[in-house]
Amino acid sequence: MRTAAPIASCSFLVERYDLDATLSCGQAFNWEKQPDGTWTGTVSGRWVRLRSAPGSVAAETAGPVAEWAWLEHYLQARVDLAAVHASFPADEPMRAAVAGCPGLRLLRQEPWECLASFILSSTKQIVQIRRIVRLLCERYGAPAPVPSGEAPGFGFPGPSVLAGLAEADLRACQMGFRARYLRETALAVEADAGLLDRIALLPTPEARAALTAFPGVGPKIADCVLLFAYGRQDAFPLDVWMIRALGDLYFPKRRAPLDRLRRFAATHFGPNAGFAQQYIFHHARRLAGRADSGAAAPTPRTTP
DNA sequence: TACCAGGAGAGCG
DNA sequence: CGCTCTCATGGT
């Protein structure tokens, strides 16, 4: 028997918010674009539909809803984007990345969903990560109440649910060798209920160390969780795309060693370095024709 | 068909 | 340390 509920709606007034780019750029994986251009997904286990409009983002969920702070926080709708842009270095690559997608935002996700999702991300393409996450949610997530007439939605399964599964069940969600990492991390989080909340209170280096202590979590995935869930703007995920992009954009003469790129990333981009990272990441992927939003211009780049 | 994917960990010298 | 190999599976 399906849960049906009245519809509740809200509109967040926000100057520039590129919903398509923000929801498809590889920071969150549980959103699906509908044929009518809206996006559906779940936030903290609640079904949500988002619609972009000039000067606002409109939201619907299953009512009744007393307040919308949870969604405003998730969307980071009150962030002063102009101030963030103003804090970026005034160099040409940064300018081009912002100009290419001026409404790109950072979400503020739940730590567990973000951590688990990025454990699944290692050497996987974004489209594939989305598929794995969708399978996980459909099979093991709690059904979220939806307004009548809407397709069922499922929240991201909590650590206790995933910890209780056999590795084979996880592998059946197409995640391959990451199944053991996800299961063992779920067991660790399940065994210490306050762990992810305590990490939120730690200084970034200690928080990073706590995250890399989980199996399957190295420096890159830890930085993703620090940036996308814990709001640490000083976290700067260095993945294969960013290593290529930073090399091409800032060290075009000869290939800079990884450690050089690390130091550059930590010093060049200012107090909102993680935000800058997302612009450069998205811009590089769009130039390569990998980003969903907008007309992709396939520009095969070769780095000899 | 090859090569690659928002990496991490183990095993080596 | 720093390097290489392996891991599972689908996209391009």
Side-chain angles (χ1 to χ4, degrees), chain A residues 21-31 97 101 104 106-107 109 113-136 166-186 188 208-230 232 235-249 255 257-262 265 273-293 296-304:
Chain A
T22 302
L23 297 182
S24 70
C25 70
Q27 46 176 324
F29 305 97
N30 62 340
W31 291 97
C101 191
L104 180 63
L106 286 182
L107 302 169
Q109 303 175 54
E113 176 169 347
C114 187
L115 173 63
S117 297
F118 276 95
I119 285 175
L120 301 175
S121 77
S122 75
T123 36
K124 277 293 183 193
Q125 299 182 150
I126 290 176
V127 286
Q128 206 168 344
I129 303 164
R130 303 169 72 93
R131 180 164 304 117
I132 297 169
V133 168
R134 182 164 63 246
L135 277 173
L136 261 184
E167 188 180 319
D169 296 326
L170 294 173
R171 280 180 179 262
C173 296
Q174 322 297 328
M175 66 183 72
F177 62 85
R178 303 155 196 84
R180 187 166 54 84
Y181 295 149
L182 179 59
R183 191 176 123 76
E184 290 181 4
T185 297
R208 183 180 286 111
L211 289 169
T212 53
F214 291 118
V217 181
K220 187 269 170 182
I221 290 177
D223 279 341
C224 285
V225 178
L226 288 170
L227 181 61
F228 300 140
Y230 289 112
R232 307 302 172 94
F236 196 100
L238 266 181
D239 68 338
V240 289
W241 284 95
M242 285 303 299
I243 290 169
R244 277 201 295 260
L246 290 184
D248 291 351
L249 295 173
R255 206 158 62 88
L258 182 56
D259 190 59
R260 179 75 187 94
L261 295 181
R262 251 191 268 280
F275 225 122
Q277 183 271 359
Q278 199 58 18
Y279 279 92
I280 292 174
F281 175 81
H282 185 257
H283 193 59
R285 284 177 50 82
R286 177 182 281 192
L287 288 178
R290 294 307 191 89
D292 307 341
S293 60
T299 309
R301 65 173 49 256
T302 50
T303 311

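Naming: A, B, ... by sequence-line order, numbering from 1 per chain.
We find that CD1 of A:I132 is positioned 9 Å from C1' of C:dG10, with the value rounded to whole Å. Regarding A:I119, its CD1 atom lies at a distance of 15 Å from the C1' atom of C:dC7, rounded to whole Å.
Ring pair A:Y181/A:F177 is perpendicular by interplanar angle, where above 60° counts as perpendicular and below 30° as parallel.
Remark: A:R171 engages A:E167 in a salt bridge (charged side-chain N to carboxylate O under 4.0 Å, His left out) (not counting sequence neighbours). Considering only residues two or more places apart in sequence or on other chains, A:A172 meets the side-chain contact (heavy atoms from CB on, under 4.5 Å) condition with A:R139. Partners of A:A28 according to the side-chain contact (heavy atoms from CB on, under 4.5 Å) rule, which considers only residues two or more places apart in sequence or in another chain, are A:N30, A:W31, A:Y74, A:L107, A:Q109. Remark: A:R232 engages A:T204 in a side chain to side chain donor-acceptor pair (under 3.5 Å) (not counting sequence neighbours). A:R208 is linked by a salt bridge (charged side-chain N to carboxylate O under 4.0 Å, His left out) to A:D223, counting only residues two or more places apart in sequence or in another chain. With sequence neighbours left out, the salt bridge (charged side-chain N to carboxylate O under 4.0 Å, His left out) criterion links A:R180 to A:E184.
Distance check on atom C1': C:dG10 versus B:dG9 gives 23 Å, rounded to whole Å. One P atom belongs to B:dC4, the other to C:dT4, and the distance between them is 15 Å to the nearest Å. Atom P of C:dT6 sits at a distance of 23 Å from the matching atom of B:dG6, rounded to the whole Å. The P atoms of C:dG11 and B:dA8 are separated by 23 Å, rounded to the nearest whole Å.
Contact detail for A:C101 and A:A21: the closest heavy-atom pair is SG-CB, 3.5 Å. In terms of heavy atoms, A:F275 sits closest to A:L227 at N-CD1, 4.4 Å.
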Check: residues 115-128 of chain A side-chain donor-acceptor pairs under 3.5 Å, at least two apart:
from, atom 1, to, atom 2, distance (Å)
A:S117, OG, A:E113, O, 2.7
A:S121, OG, A:F118, O, 2.7

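Within residues 167-176 of chain A, the residues having any heavy atom closer than 4.0 Å to DNA chain C are, in order of number, A:R171, A:Q174, A:G176.
Using a 4.5 Å cut-off on side-chain heavy atoms (C-beta onward), A:D239 and A:F281 make contact.
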key: Letter per nucleotide, 5' to 3', of nucleotides 3-10 of chain B [B base touched, S only sugar-phosphate touched, - untouched; heavy atoms, 4.0 Å]   = --BBBSS-
So which protein N/O to nucleotides 3-5 of chain C N/O distances come out below 3.5 Å?
none

